[in-house]
Protein chains: 2
Amino acid sequence: MNKSEHFDESLQDIAKFSRVLSHPARLAILKFLAEAETCISGDISDFIPLGRTTVSQHLKELRDLGLIKGEIDGLKINYCLNSLKIKEYLQLFDSFFNEIQASEIKC
Amino acid sequence: MNKSEHFDESLQDIAKFSRVLSHPARLAILKFLAEAETCISGDISDFIPLGRTTVSQHLKELRDLGLIKGEIDGLKINYCLNSLKIKEYLQLFDSFFNEIQASEIKC
DNA sequence: TTCTAATGACGCAAACATACGACATTTATT
DNA sequence: AATAAATGTCGTATGTTTGCGTCATTAGAA
C-alpha cells in the first residue's frame, strides 16, 4: 500500500528526516541532549514524561537515522547528538526550501 | 493514548510542521507548486503518481496547516504556496536547530 | 556467585496514516 | 433542463506509530 518509493530519493530522505522530527518527545530528547551536562539514557527517561521503554524506542528511532550516537560506559549508555549527521540532513532540508521559496508566486 | 500534549507548545508546532513534511507526496506537491506555471488541482494529480482522491487528501493536510492556499476559479481550484506561513514555520524550525547546534558536545 | 540496576528487544492494543473507490456538489456546456 | 467535468467528502481496508508491560542481557556490587 505504501507508495513512497515512487518518489525522488532526495524527497524520501527529507521525508524520513521529517518523520523522525514529527514527535515532540523526540524533539525534546534532542533538546535535552544539547543542554544536558550528562546524557545518560536513564536521565533522559526521567526528564521526558513517558515510560522508560517508550523513551528507549524514541531513542532508537533517532539512532537509526543517525541523529544521535550512544556510547556504552559500563552499565550505562551515554547518548549524544551526532552534529555532523544533523548538519547533513539540515542541508538537504534547507536546499529544498531555498528552491521552494526562490520561486515567483504565479497564482 | 497520545501524550503529545505533555510537551512544550513550540515543540508541538515543530512536530506538526515536520509531520506534514514527512510524506514525499506532500513534498512533491510543494515542489510542483513552486515550479508550475499553473497550479490547478487536476494538474497536480496528473503529476503525482497517486490516485486523485489521495492527492486531494494530501492537499488538504497542506491546506490545514496553512502551507498552501486554494482559490476557486469557476470549476477549477488554483492552489499556491503560502510563502508567509512557510517562512513562519521555517523560522521556528531554524531557531530550534540553531539552539541545538550551538551547544558544546559534552559526551 | 548471587543479587540488583540499566538497558534494549519483543509483543500487544489502541490510535493514526495512507490509498482509493463510490458518492455528492458545484459549475460550465449543449 | 440535461449532461459532463473538476473537485471535495465519506467509508473502508490495510499499514504504521505510539505507549507500555514483560522479558532477556549485561555489568557492577555484595
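Everything numeric here is computed off the predicted structure, so don't read it as measured data. Letters go in sequence order (proteins before strands), and every chain restarts at 1.
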**Request:** Indicate for each nucleotide in nucleotides 23-30 of chain C, in 5' to 3' sequence, whether protein heavy atoms under 4.0 Å reach the base (B), only the sugar-phosphate (S), or nothing (-).
**Result:** ---BBS--
**Asked** Honestly curious: do A/Leu50 and A/Ile40 fall in one hydrophobic cluster under the side-chain, below-4.5 Å linking rule?
**Response**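 They do not share one cluster, since no chain of ILVMFWY contacts under 4.5 Å joins A/Leu50 to A/Ile40.
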If only side-chain N and O atoms of [X] are considered, is one of them under 4.0 Å from the OP1 or OP2 phosphate oxygen of [N]?
{"X": "A/Thr54", "N": "D/dC20", "value": "yes"}
{"X": "B/Ser56", "N": "D/dG8", "value": "yes"}
{"X": "A/Arg19", "N": "D/dT17", "value": "yes"}
{"X": "A/His58", "N": "D/dG19", "value": "yes"}
{"X": "A/Tyr79", "N": "C/dG8", "value": "yes"}

**Message:** When you compare the side chain of B/Leu90 with that of A/Gln101, does any pair of heavy atoms fall below 4.5 Å?
**Reply:**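 Yes, close enough: below the 4.5 Å cut-off.
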**Prompt:** Taking the side chain as C-beta and beyond, is there a heavy-atom pair between B/Asp64 and B/Lys60 under 4.5 Å?
**Reply:**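 Side-chain contact under 4.5 Å: yes.
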Over how many whole Å does the gap from [X] atom [atom1] to [N] atom [atom2] extend?
{"X": "A/Ile77", "N": "D/dA27", "atom1": "CD1", "atom2": "P", "result": "11 Å"}
{"X": "A/Ile29", "N": "D/dG19", "atom1": "CD1", "atom2": "P", "result": "11 Å"}
{"X": "A/Lys60", "N": "C/dC10", "atom1": "NZ", "atom2": "C1'", "result": "12 Å"}
{"X": "B/Ile44", "N": "D/dT7", "atom1": "CD1", "atom2": "C1'", "result": "12 Å"}

**Request:** Have a look at A/Leu59 and say if it touches a base, only the backbone sugar-phosphate, or nothing, with a 4.0 Å heavy-atom cut-off.
**Result:**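 No contact.
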**Item:** Sugar-phosphate only, base, or nothing, as touched by B/Ser41 at under 4.0 Å among non-hydrogen atoms
**Value:**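 The residue B/Ser41 makes sugar-phosphate contact but no base contact.
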**Item:** For the student: nearest non-hydrogen atoms of A/Leu92 and A/Ile14, plus distance
**Value:**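 A/Leu92 and A/Ile14 have their closest heavy atoms at O-CD1, 3.9 Å.
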**Request:** Please state whether the rings of A/His58 and A/His23 are parallel, tilted or perpendicular, taking 30° and 60° as the class boundaries.
**Result:**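 The arrangement is tilted - the two ring planes meet at 30° to 60°.
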